[in-house]
Every structure is written in C-alpha cells, then in structure tokens.
Amino acid sequence: MGILNIGVLGAGVVGLTSTLQLLDKFPNCNITIIADKFNQDTTSDGAAGIFRPGTSFSGPSPEITRQWLVDSYDWYSELLNDNCGVSPVSGYIFSSTSLQLVKNHLLEGLVPVYRPARSDELSLCPGGWKYGSYFETLLIECRAFLPWALHRAQSRGVSVVRQHVDSLDQLQSQYDVVLNCSGLGSKLLLGDHKLVPIRGQVIKVRAPWVKHFYYADYDTYIIPGSGGVVTLGGSRHYDSHHTEACGHDAAAIRERCLALVPSLATATTLGTWTGLRPHRDTVRVQAERVGNLTVIHNYGHGGYGVTAAPGTAKYAVHLLQHTLMGNCKL
Ligand SMILES: Cc1cc2nc3c(=O)[nH]c(=O)nc-3n(C[C@H](O)[C@H](O)[C@H](O)COP(=O)(O)OP(=O)(O)OC[C@H]3O[C@@H](n4cnc5c(N)ncnc54)[C@H](O)[C@@H]3O)c2cc1C
Ligand SMILES: *[C@@H]1O[C@H](CO)[C@@H](O)[C@H](O)[C@H]1NC(C)=O
Ligand SMILES: *[C@@H]1O[C@H](CO)[C@@H](O)[C@H](O)[C@H]1NC(C)=O
Ligand SMILES: *[C@@H]1O[C@H](CO)[C@@H](O)[C@H](O)[C@H]1NC(C)=O
C-alpha cells in the first residue's frame, strides 16, 4: 500500500487545528486542505475568540466534553509565546438575575483563576450587579491565528486546494481519509438536520483603554483584543441564515455595551460583523465509512468552536488512528 492520502475539508479553526494535530501523529502522510473559504472569509475569523465554553456545550459524554476542553486549553497554552494570536486575558461576568449565570462548571477548575467577584468589583460597572465572577482565560484571535496555522501546515508539507466540494464522490478518487471540518458546510439543508445556524452579530471598535472583558445579562459582552480592537456583542438568533448586518441589532448591542462600560461612547467604530454559529446539540466527532473512504466528522461547535477546536481535533485524530488499525492499514 502506498502513502496514505488525507484530505481535510475546511480551513476554519477546526480544520486547521485538526491538520496540525494530524501532522504530529501522521508525519509521513500526504495531507491536503480543501476549502472554498480561508482566513478572513471564514466564520472563525470574526469570533472574538475567547476561551469560554457555554455551559450547554456538549460532546457525547460529560467526561469527553471535559477532556476536549482540557486538551484545548493545554494546546493553546503551549502557543502563548509563539506570537500567533494567543494571549492571556481576564475579566468579569455579572448578573442581576442569578448566581448560576455567573458560574461555569466547564471553566472552574480548568482556568488558573475563577472566583466570585468582590463587592468593590461588583460596582466596577454601572448596573447594580448582584452576582459576579472574575476569571482568567485565553484569547485566541483568529485574525492572527488562522494565517499562522495555515502557514505552519504548509511549511510542513501540507498542500492547499481552494475548491468548493459538492459531493463525496469528488473526494473518493483522491483520498483514503477525509476529515470533515466543514462547519455549517454547504449542504445544510440536505445533510445533517441537527446542524442549525445561530446567527450572531458583533461590532468592532477601537478602545485601547479597555483592559478586561465584561459579560452581563442579555448576552452582552465586551472583549478586548490586540491593537486596541474591542469586540462588542452580541446576539443569538436560532435558525437564522441571514448574514447581512442588522441595524436594530447593532443599536441594541451598542446600547447594552455602553450601559456596561460608558467610556465606550468615545470609541471609534471599525465595523460590524455577522456570522452563523454551526450549532448542534452535541458536537459531532465521529468516524464513518463511505464506500472506500474513511470520513472522520468534526463539526457542530456552535458558539464555542475556537474554544474547543484543538480538543476535538485531538479526539478526531485518535479516532482515525483507531479506525485505521481496525482496517489493518497501519
Ligand atoms: C458572533 C460570533 C462570535 C463568536 N465568538 C466566539 C468566541 O469568542 N469563542 C469561541 O470559542 N467561539 C466563538 N464563536 C464560534 C466560532 O466562530 C465557531 O464555532 C467556529 O468558527 C467554527 O469553526 P469551523 O472551523 O467549524 O467553521 P468555519 O470557520 O465556518 O470553517 C468552515 C470551513 O469549511 C469550508 N467549507 C465548508 N463547506 C465546504 C464545501 N462544501 N466545500 C469546500 N469548503 C467548505 C469553509 O470554506 C471553511 O474553510 C463565535 C461565533 C460568532 C458567529
Ligand atoms: C498528495 O495529494 C495530492 C492532492 O490530492 C496529489 O495530487 C498527490 O499526487 C499526492 N501525492 C502522493 C505521493 O500520493
Ligand atoms: C460533512 O458533514 C456535512 C454535514 O452533515 C455533510 O452535509 C457533508 O456531506 C459532509 N462531508 C463529507 C465530506 O463527509
Ligand atoms: C474500492 O476499492 C476497491 C478495491 O481497491 C476497488 O475495486 C473499487 O473500485 C473501489 N471503489 C470505489 C468507489 O472507489
């Protein structure tokens, strides 16, 4: 048998972290990334990129979900000094409604600090907040991270093909294995009906004086990034496919964020961005045999793909090793 040909469908954060982990475990394979969108054209690009899973984030079991997150956090932590868009970040989450809303069982015990906010911290922002937490985590800015990861893959021998894939037949003749990291993909309506877009809109402003992130009720968030660029959010529209910016959403986001951090009133607006989160009730990382092709699915990360990508990538590569051993190919 010749060299194993592996295609990775997708060049978002999931496809690229999968590729880098494939390279570590299959250094002698021929790996090709196939995608119709790269870097700034992907959903991954617009995400603020904070490492913070929602409490509903879910893999096939609580243990696996936890392992994905631990593996992701470790993987990104090793890149902190590589100048690739990964940096430490800290801040607050506030609520007037419930203590539960400022807790996060997936982050507590994983990040270096996750503690209740002190009473002086509860009044850092106007709003009369009753509950709050302070935590430290990582920020992964895809604007820098995706080009870095793509370049790193290419410099290690990975080929890149810009192509829209309509059917598996197209891939069957060229590859032994395909990693399906296509996110919402193109076959949304024909393929996996559990995959649902959750539309999200953000505003990017320049406000270099904002040093911490702030989350509050009604899906309000303010996340500082590099170059003084701050992401203001957000919105969550289930089963909405609309990718145009909405003026009402923008006005509502601005109003909620300015109420939380009034100094944002003087920030310069850089632009508005809308993306569709590829939501699935459980993220799908699974092996499937299609004719002669081994497909490893890795999609459906919803609003937490930047957070969970390296962990699900490790799991996907592990599944592939297992599948190939079962087929006596190794
Ligand atoms: C407003 C907003 C804010 C967010 N903030 C955060 C955050 O702070 N932290 C966090 O963890 N997550 C965040 N997310 C979620 C995150 O952006 C997604 O979970 C993540 O980008 C999904 O990555 P992906 O690689 O699966 O998909 P994508 O980035 O969409 O990549 C999919 C890739 O597959 C390719 N592809 C698909 N179909 C085909 C086809 N048929 N042929 C060829 N190529 C194909 C595309 O070209 C693309 O390269 C946010 C999302 C939104 C919308
Ligand atoms: C590697 O993959 C590319 C893209 O599918 C293909 O053109 C090339 O022939 C492959 N090389 C080998 C040695 O199989
Ligand atoms: C990837 O998954 C999507 C969603 O289920 C599906 O529509 C598509 O056919 C899959 N692609 C491959 C190459 O398996
Ligand atoms: C699958 O592999 C077998 C044996 O190598 C070959 O005869 C057959 O044509 C292949 N099928 C497809 C769909 O490529």
Side-chain angles (χ1 to χ4, degrees), residues 2-18 29-39 41-54 57 72 137-142 146 150 157-176 178-195 197-202 213 219 221 223 225 231 233-237 243 253 273-280 283-284 286 288 290 293 295-309 312-313:
I3 182 172
L4 195 67
N5 278 305
I6 306 181
V8 177
L9 179 60
V13 69
V14 177
L16 295 184
T17 55
S18 295
C29 287
N30 185 21
I31 305 177
T32 307
I33 296 170
I34 313 129
D36 56 1
K37 289 179 178 160
F38 290 86
N39 297 336
D41 296 325
T42 64
T43 306
S44 302
D45 180 75
I50 194 161
F51 188 101
R52 178 180 174 263
F57 177 76
S72 274
T137 185
L138 298 174
L139 186 70
I140 302 97
E141 293 179 272
C142 280
L146 295 185
L150 188 61
V158 170
S159 323
V160 174
V161 177
R162 184 183 289 267
Q163 181 194 324
H164 180 79
V165 175
D166 293 310
S167 76
L168 278 176
D169 299 343
Q170 247 175 293
L171 304 172
Q172 250 176 357
S173 54
Q174 285 180 57
Y175 303 101
D176 308 302
V178 168
L179 258 71
N180 186 3
C181 309
S182 61
L184 207 51
S186 55
K187 290 196 183 172
L188 179 68
L189 299 170
L190 308 169
D192 183 343
H193 296 291
K194 281 192 169 182
L195 203 51
I198 301 181
R199 180 182 181 282
Q201 188 167 322
V202 294
F213 59 76
D219 212 358
Y221 56 86
I223 301 173
T231 303
S235 68
R236 248 166 248 268
H237 295 140
T243 53
I253 290 168
W273 181 83
T274 303
L276 304 179
R277 303 173 178 94
H279 174 74
R280 199 171 182 278
V283 183
R284 185 174 187 208
Q286 244 173 19
E288 186 182 13
V290 185
L293 191 66
V295 179
I296 309 284
H297 297 286
N298 187 6
Y299 65 83
H301 297 65
Y304 314 108
V306 180
T307 300
T312 63

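When a ligand or atom number is given, it counts from 1 through the structure's own listing order. Side chains included, hydrogens not; waters and symmetry mates left out as well; all remaining heavy atoms used.
- Residue Arg236 holds its CZ atom at 4.0 Å from CZ of Arg277, rounded to the nearest 0.5 Å.
- Comparing Lys37, Arg277, Arg52 by heavy-atom distance to atom 52 (C) of ligand 1, the nearest is Arg277.
- Under a 4.0 Å heavy-atom criterion, Arg199 is not in contact with ligand 1.
- Near Ala11, meaning under 4.0 Å from one of its heavy atoms, ligand 1 places the atoms 33 (C), 48 (C), 49 (O).
- For atom 30 (O) of ligand 1, the candidate residues are Leu184, Thr43, Leu276; the nearest heavy-atom contact is made by Thr43.
- Ligand 1 lies less than 4.0 angstrom from a heavy atom belonging to Gly185.
- Residue Tyr299 places every heavy atom at 4.0 Å or more from ligand 1.
- The CZ atom of Arg284 lies 10.5 Å from the CD1 atom of Ile296; values are rounded to the nearest 0.5 Å.
- Checking Asp36, Val283, Thr307, Asn39 against atom 46 (C) of ligand 1, the nearest heavy atom belongs to Asp36.
- In this structure, Ser182 is part of the shell of residues with a heavy atom less than 4.0 angstrom from ligand 3.
- Between the choices Ala47, Ser44, Gly302, the shortest heavy-atom distance to atom 18 (C) of ligand 1 belongs to Gly302.
- Here the CG-CD distance, from Leu171 to Gln163, works out to 7.0 Å after rounding to the nearest 0.5 Å.
- Counting heavy atoms under 4.0 Å from ligand 3, residue Val295 touches it through the side chain alone.
- In the vicinity of Ser182, heavy-atom distances shorter than 4.0 Å reach the ligand 1 atoms 32 (C), 34 (O), 37 (C), 38 (N).
- Near Gly275, with a cut-off below 4.0 Å to any heavy atom, the atoms of ligand 1 are 53 (C).
- For atom 42 (N) of ligand 1, the choice among Val8, Val165, Asp41, Ile34 with the nearest heavy atom turns out to be Val165.
- Considering backbone and side-chain N/O atoms, Val306 comes within less than 3.5 Å of an N/O atom of ligand 1.
- Counting heavy atoms from C-beta on, the side chains of Asn5 and Gln174 never come closer than 4.5 Å.
- Across every non-hydrogen atom of Ala35 and Phe38, the tightest pair is O-CE1, 3.4 Å.
- Side-chain contact check for Thr32 versus Tyr175: some heavy-atom pair is nearer than 4.5 Å.
- Contact of the Ile33 side chain with the Leu150 side chain is registered, since non-hydrogen atoms from C-beta on lie closer than 4.5 Å.
- In this structure the side chain of Leu184 reaches within 4.5 angstrom of the side chain of Leu195, judged on heavy atoms.
- Within the listing of ligand 1, atoms 23 (O), 25 (O) sit less than 4.0 angstrom from a heavy atom of Val13.
- Residues Leu179 and Ile6 share a closest heavy-atom pair of CD1-CG2, 4.3 Å.
- Of all atoms in ligand 1, listed by their number and element, those nearer than 4.0 Å to a heavy atom of Ala35 are 43 (C), 44 (N), 47 (O), 49 (O).
- In this structure, Arg280 and Asp192 approach most closely via the heavy-atom pair NE-OD2, 2.8 Å.
- Counting heavy atoms under 4.0 Å from ligand 1, residue Leu9 touches it through the side chain alone.
- Annotation: Gly49 places an N or O atom under 3.5 Å from an N or O atom of ligand 1; distance criterion only.
- Counting only distance, with no hydrogens or angles, the side chain of Thr307 and the backbone of Ile50 share a donor-acceptor pair below 3.5 Å.
- Under 4.0 angstrom from ligand 1, the non-hydrogen atoms of Gln163 all belong to its backbone.
- Leu9 CG to Ser18 OG: the interatomic distance, rounded to the nearest 0.5 Å, is 11.0 Å.
- To the nearest 0.5 Å, atom NE2 of residue His301 and atom SG of residue Cys181 are 8.0 Å apart.
- Looking at Ile223 next to ligand 1, no N or O pair under 3.5 Å apart turns up.
- For the salt bridge (charged side-chain N to carboxylate O under 4.0 Å, His left out) condition, the pairs that include at least one residue of residues 41-50, sequence neighbours left out, are Asp45-Arg143.
- Contact of the Val283 side chain with the Tyr304 side chain is not registered, since no non-hydrogen atoms from C-beta on lie closer than 4.5 Å.
- Using a 4.0 Å heavy-atom cutoff, Phe51 is absent from the residues neighbouring ligand 1.
- Contact annotation for Glu288 and ligand 3: no heavy atom of the residue comes within less than 4.0 Å of the ligand.
- Contact shell of ligand 2 (protein heavy atoms, cutoff 4.0 Å): Ile3, Asn5, Asn30, Thr32, Gln174, Tyr175.
- Listed by number with element, the atoms of ligand 3 under 4.0 Å from a non-hydrogen atom of His297 are 14 (O).
- Only the backbone of Cys181 comes within contact range of ligand 1, with a heavy atom under 4.0 Å; no side-chain atom does.
- At least one donor-acceptor pair under 3.5 Å links the side chain of Ser44 to the backbone N or O of Val13.
- Between Ser72 and Phe51 there is a side-chain heavy-atom pair separated by less than 4.5 Å.
- At least one donor-acceptor pair under 3.5 Å links the side chain of Ser235 to the backbone N or O of Gln201.
- Listed by number with element, the atoms of ligand 1 under 4.0 Å from a non-hydrogen atom of Val14 are 23 (O), 24 (P), 25 (O), 26 (O).
- Ligand 1 is never approached by Gly234 to a heavy-atom distance shorter than 4.0 Å.
- With ligand atoms numbered from 1 in the order given, ligand 1 contributes 26 (O), 27 (O) to contacts under 4.0 Å with heavy atoms of Gly183.
- Between Val202 and Ile253, every side-chain heavy-atom pair lies at or beyond the 4.5 Å cut-off.
- For Val202, every heavy-atom contact with ligand 1 shorter than 4.0 Å involves the side chain, none the backbone.
- Expressed to the nearest 0.5 Å, how far CG of Asn298 lies from OG1 of Thr312 amounts to 3.5 Å.
- For a threshold of 3.5 Å applied to N or O pairs, the pair formed by Tyr299 and ligand 3 contains at least one separation below that value.
- Two residues are said to be in side-chain contact when any heavy atoms from C-beta on lie closer than 4.5 Å; Phe213 and Leu139 fail this criterion.
- Short contacts between ligand 3 and Asn180, defined as distances under 4.0 Å to a heavy atom of the residue, involve ligand atoms 1 (C), 2 (O), 3 (C), 8 (C), 10 (C), 11 (N), 12 (C), 14 (O).
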